[in-house]
Amino acid sequence: KVSPPLPQTPSPPLQRLSTGGEAARREFVPAGVEEEARCFYCIAEGGKSSRLFCCGEQGAGGLAFEGNLWCNRGVVQTIKPGQGAARPLWAQARRRHHTEYFMNWQEERDATLCEARCVVVKVGSAVLSTGSELNLPVLDNLVNQLAVLSRQGRRVVLVSSGAVAAGRTALKKLPGEPAAVGLSGKQAAAAVGQGRLMHLYDNAFAERGILTAQVLLTRDDLKNRTRFLNIRNTFSELLNWGVIPVVNENDTVSVNELKFSDNDNLASLLINPVEADLFVNLTTIGGVLDANPLETPDATIMPCIEDVRALNLDTLCGGKTSVGTGGMYSKLLSAHRVAQLGVPTAILPGCEPDVIPRLFAGETIGTWVRPEQRTVSRRKYWLAYQADPQGTLYLDTGAADAVRNHGKSLLPGGITEVHGSFEAGALVRLVYDRETVGVGLSNYNAADLLRIRGLKRHEVAAILGDAHYPEVVHRDNLLLDAAL
């Protein structure tokens, strides 16, 4: 890391801003600046702060000066006269994409764990069950871990599979031990097991003085914007009350979700409405391996994934687990999605005891997936992942370059092919050279696009009339590099 230059004349006084926290000392504090762990220092000139040197992750509340606060490459926050920093400086820097300038991944992890106010934890069937029935000691230990986070004042949301496994356990008590096979059998087993699973959670949390709430969702609930906002408001109230929501897909009615989707996907979608700061995904192995274990038996755990977008998931990951509907592929796909919101993911060995408190205590365990520096808006996140793309638009070279590299909207002239049958307003995938460029909302239906693809604006007007959209997909309704 490159140290910023010191002021030449004269050496201004150091002003201590605040203390607190346990993060490691920053590496770029220049020579001549007195370093003290867990503090921020500001070089003040003429009553204004010209440069900030960070020695800890805690921020400065109630600053008594005005001017600009700096990380080593840019302005973090402007302080007006008489106004202090309302939030920790680290959080301000993170929201302005300066994390990369002054944090390695260990420091980022420590700072995130210190600052995290809301944590979404996902546990799957493979962790909660032994293959044929629920693993009650693992469930009880998980509840104890989440109770620890709750007592620390953090908001906790639990996304839990296990309804089908619990139902299969209960079905063994019936004469003939009916088997839950096929889609209808799994849905029936989920109907039997969901109440029993929630009863176990309710009792276990009650023993620790914590109230729970059952929330069953389908993708349609998140697709409809009005229902999405109602879900956000409901979670807000529950978390304000200190209640831990226990969330699962409504498997009994979710035909496509139970067959094709998984709770990794559901958890990644919940990160948005609950405004989580951290996503913890529990798995049956020690973390993310650096190679496919079926092909490389001596593959080792990666402690950190710097850029999840750079991973070739098809090569790195094996298939789905036999008990659940997910696997490491879906976990990394979900980590990619939440990274776009600026939220890191911790993939931890869920069968080991107390892994979450150990993580928060500073132990290097599992795999830490770093968030992206350039985050997307919550609205774009919602529109990109609330539904599967209904069609595909193939772009020419000029259109792909304009959309990818110049922030342009997609025009009719840049489309070479239209696949699928969809209505106006549907989510579509944009593809160039067999790679997905992004997803967005189409202003036209498939039939009209087939008529106007490759045409210029005046040619489109001649076919559709003047009452048409100039863009097929507006850039405000487009998310690049979508994790699909």
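None of L282, L332, I301 except one satisfies the side-chain contact (heavy atoms from CB on, under 4.5 Å) rule with I347; the exception is L332. Just one of D433, L430, D401 meets the side-chain contact (heavy atoms from CB on, under 4.5 Å) condition when paired with L395; it is L430.
By the 4.0 Å N-to-carboxylate-O rule, R370 lies close enough to E108 to be salt-bridged with it. Salt bridge E352/R358: present, at least one basic N to carboxylate O contact under 4.0 Å. Classification of R337 and E372 as a salt-bridged pair fails, no side-chain N sitting under 4.0 Å from a carboxylate O. Salt bridge status for K331 with D262: absent, with no side-chain N to carboxylate O gap under 4.0 Å. One finds a salt bridge joining R219 and D388 here, because a Lys/Arg side-chain nitrogen approaches an Asp/Glu carboxylate oxygen to under 4.0 Å.
Distance alone, capped at 3.5 Å, is enough to place a donor-acceptor pair between the Q386 side chain and the L383 backbone. Remark: the backbone N or O of E133 is paired with a side-chain donor or acceptor of T130 at under 3.5 angstrom. For S330 (side chain) and G327 (main-chain N/O), a donor-acceptor pair under 3.5 Å exists by modelled atom type. The backbone N or O of K223 sits nowhere less than 3.5 Å from a side-chain atom of R227 that would complete a donor-acceptor pair. Of the possible polar contacts, none joining the R232 side chain to the F228 backbone as a donor-acceptor pair under 3.5 Å is found. Looking at W382, its side chain does come within 3.5 Å of a backbone N or O of L222 through a donor-acceptor pair. N104 places a side-chain N or O within 3.5 Å of a backbone atom of E107 that can act as its donor or acceptor partner. Here the side chain of N224 pairs no donor or acceptor atom with the backbone of D220 at under 3.5 angstrom.
Looking at Q340 and Y385, their side chains do bring a donor and an acceptor atom within 3.5 Å of each other. Looking at D264 and S334, their side chains never bring a donor and an acceptor atom within 3.5 Å of each other. Between the side chains of T392 and R429, no donor-acceptor pair is found at a separation under 3.5 Å. For T364 and R109, the side-chain atoms include at least one donor-acceptor pair closer than 3.5 Å. For the 3.5 Å distance criterion, the side chains of S160 and N248 fail to qualify, holding no donor opposite an acceptor. No side-chain donor-acceptor contact under 3.5 Å links D354 and Q145. Of the N and O atoms on the side chains of R379 and N272, not one donor lies less than 3.5 Å from an acceptor on the other residue. T218 and N250 share no donor-acceptor pair across their side chains, judged by distance under 3.5 Å alone. D290 and T300 are linked by a side-chain donor-acceptor pair at a separation below 3.5 angstrom, with hydrogens and angles left out of the test.
Contact check for V156 versus L146: side-chain heavy atoms found under the 4.5 Å cut-off. For the pair M328 and V288, the minimum side-chain heavy-atom distance is below 4.5 Å. Between V121 and V159 there is no side-chain heavy-atom pair separated by less than 4.5 Å. Put simply, the side chain of V437 reaches to within 4.5 Å of the side chain of L480, judged on heavy atoms. Using a 4.5 Å cut-off on side-chain heavy atoms (C-beta onward), L197 and V246 make no contact. Considering only heavy atoms from C-beta on, H199 stays 4.5 Å or farther from D202 through its side chain. Residues P303 and W368 fail the side-chain proximity criterion, which asks for heavy atoms closer than 4.5 Å. Side chains of V280 and K122 form no contact here, defined as non-hydrogen atoms less than 4.5 Å apart.
One distance of note links CD1 of I356 with CG of L278; it measures 9.0 Å at 0.5 Å rounding. With rounding to the nearest 0.5 Å, the separation of CG in L217 from CG in L270 is 6.0 Å. Remark: N263 CG to S161 OG distance equals 3.5 Å, nearest 0.5 Å. Distance check: S150 OG to I210 CD1 gives 4.0 Å after rounding to the nearest 0.5 Å. Distance check, rounded to the nearest 0.5 Å: NE2 of H336 to CG of L484 gives 9.0 Å. Considering SG of C351 and CD1 of I285, their distance stands at 11.0 Å, rounded to 0.5 Å.
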Just do the side-chain contact (heavy atoms from CB on, under 4.5 Å) check on V418 and L393 with the steps written out, would you? CA-CA 5 Å; V418 178; L393 307 182; 4.0 Å; yes
Would R404 and E435 count as a salt bridge (Lys or Arg N to Asp or Glu O under 4.0 Å) if you check the C-alpha gap in whole Å, the side-chain angles of each, and the deciding distance to 0.1 Å? CA-CA 12 Å; R404 271 178 170 166; E435 291 186 359; 3.7 Å; yes
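The local environment of CZ in R154 is crowded, with over 12 non-hydrogen atoms from other residues, nucleotides or ligands closer than 6.0 Å. Heavy atoms of other residues, nucleotides or ligands lying less than 6.0 angstrom from NE2 of H419 number more than 12.
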